[in-house]
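Structure first, commentary second.
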Amino acid sequence: MPHILIVEDEAAIADTLVFALQGEGFTTTWLNLAEAALEYQQRTPADLLILDVGLPDISGFEACKRLRRFSEVPVIFLTARDAEIDRVVGLEIGADDYVVKPFSPREVAARVRAILKRMAPRAAEPIPVADPGGPFRVDAERVQIHYREQLLVLTRHEFRLLQALLAQPERVFAREQLLDALGVPADAGYERNIDSHIKSLRAKLRQVAADAEPIQTHRGLGYSYSPKSA
Ligand code: CA
């Protein structure tokens, strides 16, 4: 039975989530502070975190960044404002999904189910470890990619994207196939964010080699890795 850790300082909101999730057969733990949740997750890892952005001690964003230093557990953010949404769907935070308050607890439970379902086969099936040769060197264990002998400083999503592209040179990946590589549910409205990740990835590659274009855009189709242009 999956265990969901709810981090929310408003008891009324936490209560509705606990009720909805338990009704779906999940085990739940509710904490109202981010620091306590991080400690808890280190001791007793939950299967998924629901994390409020506005918490009394540190923000949900900061908490997620700290969490990502030791855990890849899926995170759903609870956000209150449009300004927060921009950051949640931004690149650096490493969230898997978000819901905007006020929300329907059933909707949250459905997202939890969708993410856990998406995660399950991924755990059984390791990401292919491919060393593409050429200018890229992928070290899956260390979660590192070198390009022309330089270590790329990548976010988790950028690493996964580049790893997926490099594993199959010249294959054109549709955005939803790349979402798959990220473990993000394709129905969560994240497809356009692939473009942002690619943009930021390209900027990092360009810092190493200004005139190379290893990631090619195929209009209306998606992206591919082209060794010829690397
Ligand atoms: Ca709050």
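- Interatomic distance, OG1 of T44 versus CD of E39, reported as 10.5 Å (0.5 Å rounding).
- If you chain together hydrophobic residues whose side chains sit under 4.5 Å apart, F70 and L5 fall into the same group.
- The shortest side-chain heavy-atom distance between R175 and D195 falls under the 4.5 Å cut-off.
- Atom CZ of F19 is surrounded by 12 or fewer heavy atoms from other residues, nucleotides or ligands within 6.0 Å.
- Placement of L31 and L33 in two distinct hydrophobic clusters is found when ILVMFWY residues are connected by side-chain heavy-atom separations under 4.5 Å, directly or transitively.
- Between A63 and L38, the closest heavy-atom pair is O-CD2, 3.5 Å.
- When the options R68, R111, R118 are evaluated for a salt bridge (Lys or Arg N to Asp or Glu O under 4.0 Å) with D96, the one that passes is R68.
- The distance from the CG atom of L179 to the CG atom of L161 is 8.5 Å, given to the nearest 0.5 Å.
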Using residues 22-29 as the side-chain source, report each donor-acceptor pair under 3.5 Å to any protein atom, sequence neighbours left out, with the distance given to one decimal.
residue, atom, partner, partner atom, Å
Q22, NE2, T28, OG1, 2.9
E24, OE1, R113, NH1, 2.2
E24, OE2, R113, NH1, 3.3
T29, OG1, H3, NE2, 2.6
T29, OG1, Y40, OH, 3.2

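- For the pair Q177 (side chain) and A174 (backbone), a donor-acceptor distance under 3.5 Å is present.
- In this structure, the side-chain contact (heavy atoms from CB on, under 4.5 Å) partners of L151, at least two apart in sequence or on a different chain, are Q144, H146.
- The shortest non-hydrogen separation linking A34 to L55 is CB-CD1, 3.8 Å.
- Contact between D9 and G54 at its shortest, heavy atoms only, is OD1-O, 3.1 Å.
- Annotation for Y147 and P214: closest pair OH-CG, 3.8 Å, computed over non-hydrogen atoms.
- Side-chain atoms of W30 come within 3.5 Å of backbone atoms of E8 as a donor-acceptor pair (strictly under, hydrogens ignored).
- The distance from atom CD of E72 to atom CZ of R160, rounded to the nearest 0.5 Å, is 4.5 Å.
- In this structure P45 satisfies the side-chain contact (heavy atoms from CB on, under 4.5 Å) test together with Q41, sequence neighbours excluded.
- Hydrophobic clustering (ILVMFWY, side-chain heavy atoms < 4.5 Å, transitive): L162 and V208 are in one cluster.
- Around the CZ atom of R106, the shell of radius 6.0 Å holds no more than 12 heavy atoms that belong to other residues, nucleotides or ligands.
- Within the model, atoms CG of L116 and CG of D47 stand 6.5 Å from one another, a figure rounded to the nearest 0.5 Å.
- Atom NE2 of H218 is separated from atom OG of S226 by 7.5 Å, given to the nearest 0.5 angstrom.
- One N or O on the side chain of E158 and one on the backbone of T155 form a donor-acceptor pair closer than 3.5 Å.
- The salt bridge (charged side-chain N to carboxylate O under 4.0 Å, His left out) test applied to E141 returns no partner, not counting sequence neighbours.
- Side-chain contacts under 4.5 Å among hydrophobic residues (ILVMFWY), followed directly or transitively, place V172 together with L221.
- Looking at residues two or more places apart in sequence or on another chain, you find a side-chain contact (heavy atoms from CB on, under 4.5 Å) between E35 and D57, I58, R66.
- Taken to the nearest 0.5 Å, the CG atom of L201 stands 8.0 Å off from the CD1 atom of I145.
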*Could you walk me through whether I194 and E176 pass side-chain contact (heavy atoms from CB on, under 4.5 Å), step by step?*
CA-CA 9 Å; I194 289 290; E176 53 182 1; over 6 Å; no

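- Nearest heavy atom pair, residue S224 against residue L165, reads CA-CD2, 4.0 Å.
- Between L17 and I4 the shortest side-chain heavy-atom distance does not fall below 4.5 Å.
- Note: the hydrophobic cluster containing V143 does not contain V153 (ILVMFWY, side chain heavy atoms under 4.5 Å, direct or indirect links).
- In this structure, the side chains of E213 and R202 come closer than 4.5 Å at one or more pairs of heavy atoms.
- Between the side chain of K101 and the backbone N or O of L78, no donor-acceptor pair lies under 3.5 Å.
- A perpendicular orientation is assigned to the rings of Y225 and F136, their planes being inclined by more than 60° (bins at 30° and 60°).
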*Run the numbers on Y223 and H197 for side-chain contact (heavy atoms from CB on, under 4.5 Å), then give the verdict.*
CA-CA 12 Å; Y223 298 98; H197 290 298; over 6 Å; no

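- Residues L51 and L67 form no side-chain contact, since every pair of their non-hydrogen atoms from C-beta on lies 4.5 Å or further apart.
- Annotation for V7 and A37: closest pair CG2-CB, 3.5 Å, computed over non-hydrogen atoms.
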